[in-house]
2 protein chains.
Amino acid sequence: MHAHPSRQKFIDAAIAVVREQGYAATSVDDICARAGVGKGSFFHHFKSKEELLLAAIEHWNAFTGAVFADAPFRRLADPRARLLGYVDFRIAILDRPIPEFACLLGTLVQEVYQSHPALLAACDAGMSGHIDDLVADAAAAKALYAPDADWTPESVGFFMQAVLQGSFIFAKAKNEAEVARDNLAHLRRYLESLFPPAAKKE
Amino acid sequence: MHAHPSRQKFIDAAIAVVREQGYAATSVDDICARAGVGKGSFFHHFKSKEELLLAAIEHWNAFTGAVFADAPFRRLADPRARLLGYVDFRIAILDRPIPEFACLLGTLVQEVYQSHPALLAACDAGMSGHIDDLVADAAAAKALYAPDADWTPESVGFFMQAVLQGSFIFAKAKNEAEVARDNLAHLRRYLESLFPPAAKKE
DNA sequence: TATAATATACCAACCAGTTGGTATGTCGAT
DNA sequence: ATCGACATACCAACTGGTTGGTATATTATA
């Protein structure tokens, strides 16, 4: 329904430019220039910069959702292996330039949390939706490997995401992904210890 | 040397407003209004908004450095206890409003990493300096409790900081600190497992 | 021919930074 | 002590440029 090519160009441009510059530093003209389409068209498709970003977040959620749903690790039978596979998958992505592996939502949250409630809610919903997939695996893995542990599967999903978001910050600060790789190696080690394979209960 | 009261008002105001709104969304007028001093004075003390932020980052580093140096956990004799004490200390701070416990540097990095090299370098230096203190404890604790482990003390320091930064993002996204508390509980559990107390070698 | 899509030109508000000037010292010479 | 020269601190008003958003006209499409 929302598939007009120019509209999509604006959305793709917004995701790219905001990941590089942030929300406030990105002007509508910047987005139009990146999209290669004029401002008249912009305000024909979106009634404001904020509304474009809501659409961009929606697209981001759909796109990243599909990427992870189709990733090979998703087809592993064991939920513990899927969680570790998720981490390995994120490590593999770190080869690309920083603006391509960093998270649009994490970048946005820090800028808009006091000023744009609608954007904040959309970011929260997107991140929480992504985490839900991790939580499902964490719950299944907990039932198998750590049924009596005193942490919740939900908290494991949020922890994994927090490590990722923090790692993106350090990748940006150091302008290289190695710190992020080391961080994810620690995360992987922690997950291995949370779900000790010896304890598997059939 | 740099102790003029108006200058300090601008620095304090900048830290407060940028933690709330971010760098790009904060105007010089915003900072002057918060400081209660006029714009003429601003450009008397600082030649640009960027230069003010460099001074603000410097002040931030000195201030937070003193807070952690004076914290009770610093006086614990055992380096492992100091690392866990650091995490507990950060958990305790989470009672305050979000803009008061979030990190200025982590907020800034995401906005300036492609556009303001001087600010980025200052943020990196500040975060790395703070991490150095953790690394010193991690190195000492490793020698005592995990001398043969295959991770470095440096990577532990960065991991701790990444969890914190990621937790701030989620606190902002959910507008409450509970997620951050849960994350830090996981971090604490991981540190406990990295330095198993049973393995202490005298 | 009607409607959706786009371009160009434009506006009021806002931005970082400047200007010209005032108030308040301070310090050496008288 | 006091006067003049100078520096620091500050302010209100302004400047040139940018911003998000609008108005209007033109072009493609159905």
Side-chain angles (χ1 to χ4, degrees), chain A residues 1-57 59 107-108 111-112 114-120 122, chain B residues 1-57 59 107-108 111-112 114-120 122:
Chain A
M1 77 179 194
H2 272 331
H4 193 281
S6 288
R7 191 189 143 93
Q8 193 57 45
K9 275 183 201 166
F10 286 124
I11 288 175
D12 293 339
I15 290 174
V17 181
V18 170
R19 282 215 276 181
E20 290 168 19
Q21 308 186 344
Y23 176 72
T26 297
S27 70
V28 173
D29 288 324
D30 289 341
I31 293 166
C32 293
R34 178 74 66 112
V37 189
K39 213 171 174 178
S41 178
F42 181 97
F43 284 99
H44 173 74
H45 290 287
F46 305 97
K47 74 174 207 287
S48 69
K49 179 180 157 186
E50 180 171 1
E51 202 200 74
L52 161 67
L53 253 103
L54 281 171
I57 292 168
H59 177 72
T107 303
L108 271 172
E111 280 191 82
V112 306
Q114 294 268 44
S115 55
H116 296 76
L119 290 179
L120 181 68
Chain B
M1 76 178 189
H2 271 333
H4 193 282
S6 288
R7 191 189 144 92
Q8 193 56 47
K9 276 184 199 164
F10 286 125
I11 288 174
D12 292 339
I15 291 174
V17 181
V18 170
R19 283 216 275 182
E20 289 168 18
Q21 307 185 347
Y23 177 73
T26 297
S27 70
V28 174
D29 287 323
D30 289 341
I31 294 166
C32 293
R34 178 74 65 112
V37 189
K39 214 169 174 177
S41 178
F42 180 95
F43 283 99
H44 173 73
H45 291 286
F46 306 97
K47 75 174 209 288
S48 67
K49 177 180 158 186
E50 179 171 3
E51 203 199 71
L52 162 66
L53 253 101
L54 281 171
I57 292 168
H59 177 72
T107 302
L108 271 171
E111 279 190 82
V112 306
Q114 293 269 45
S115 54
H116 295 75
L119 290 180
L120 181 67

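Predicted model, so just to flag it, every value in this text is computed and none were measured. Throughout, a chain's letter reflects where its sequence line sits, starting with A, and its residues are numbered from 1.
- Remark: C1' of dA9(D) and CD of Gln8(B) are 16 Å apart, rounded to the nearest angstrom.
- Closest of all the heavy-atom pairs between Phe43(B) and Ser48(B) is CE2-CA, 4.2 Å.
- At least one side-chain heavy atom of Phe42(A) sits under 4.5 Å from a side-chain heavy atom of Leu52(A).
- With hydrogens and angles ignored, the 3.5 Å screen pairs no side-chain donor or acceptor of Glu20(B) with any backbone N or O of Gln114(A).
- Considering all non-hydrogen atoms of both residues, Val18(B) and Tyr23(B) come closest at CG1-N, 4.0 Å.
- The stretch residues 12-22 of chain B has no heavy atom under 4.0 Å from DNA chain D, so no residue of it qualifies as close.
- By the 30° and 60° cut-offs, the orientation of the rings of His45(B) relative to Phe10(B) is tilted.
- Looking at Glu111(A), its side chain does come within 3.5 Å of a backbone N or O of Ala24(A) through a donor-acceptor pair.
- DNA chain C lies under 4.0 Å from at least one heavy atom of each of the following residues of residues 24-52 of chain A: Val37(A), Gly38(A), Gly40(A), Ser41(A), His44(A), His45(A).
- Nearest approach of Arg7(A) to Ala55(A), heavy atoms of both residues: NH2-CB, 3.7 Å.
- Contact record, Ile31(A) with Ala13(A): O-CB, 3.6 Å, taken as the closest heavy-atom pair.
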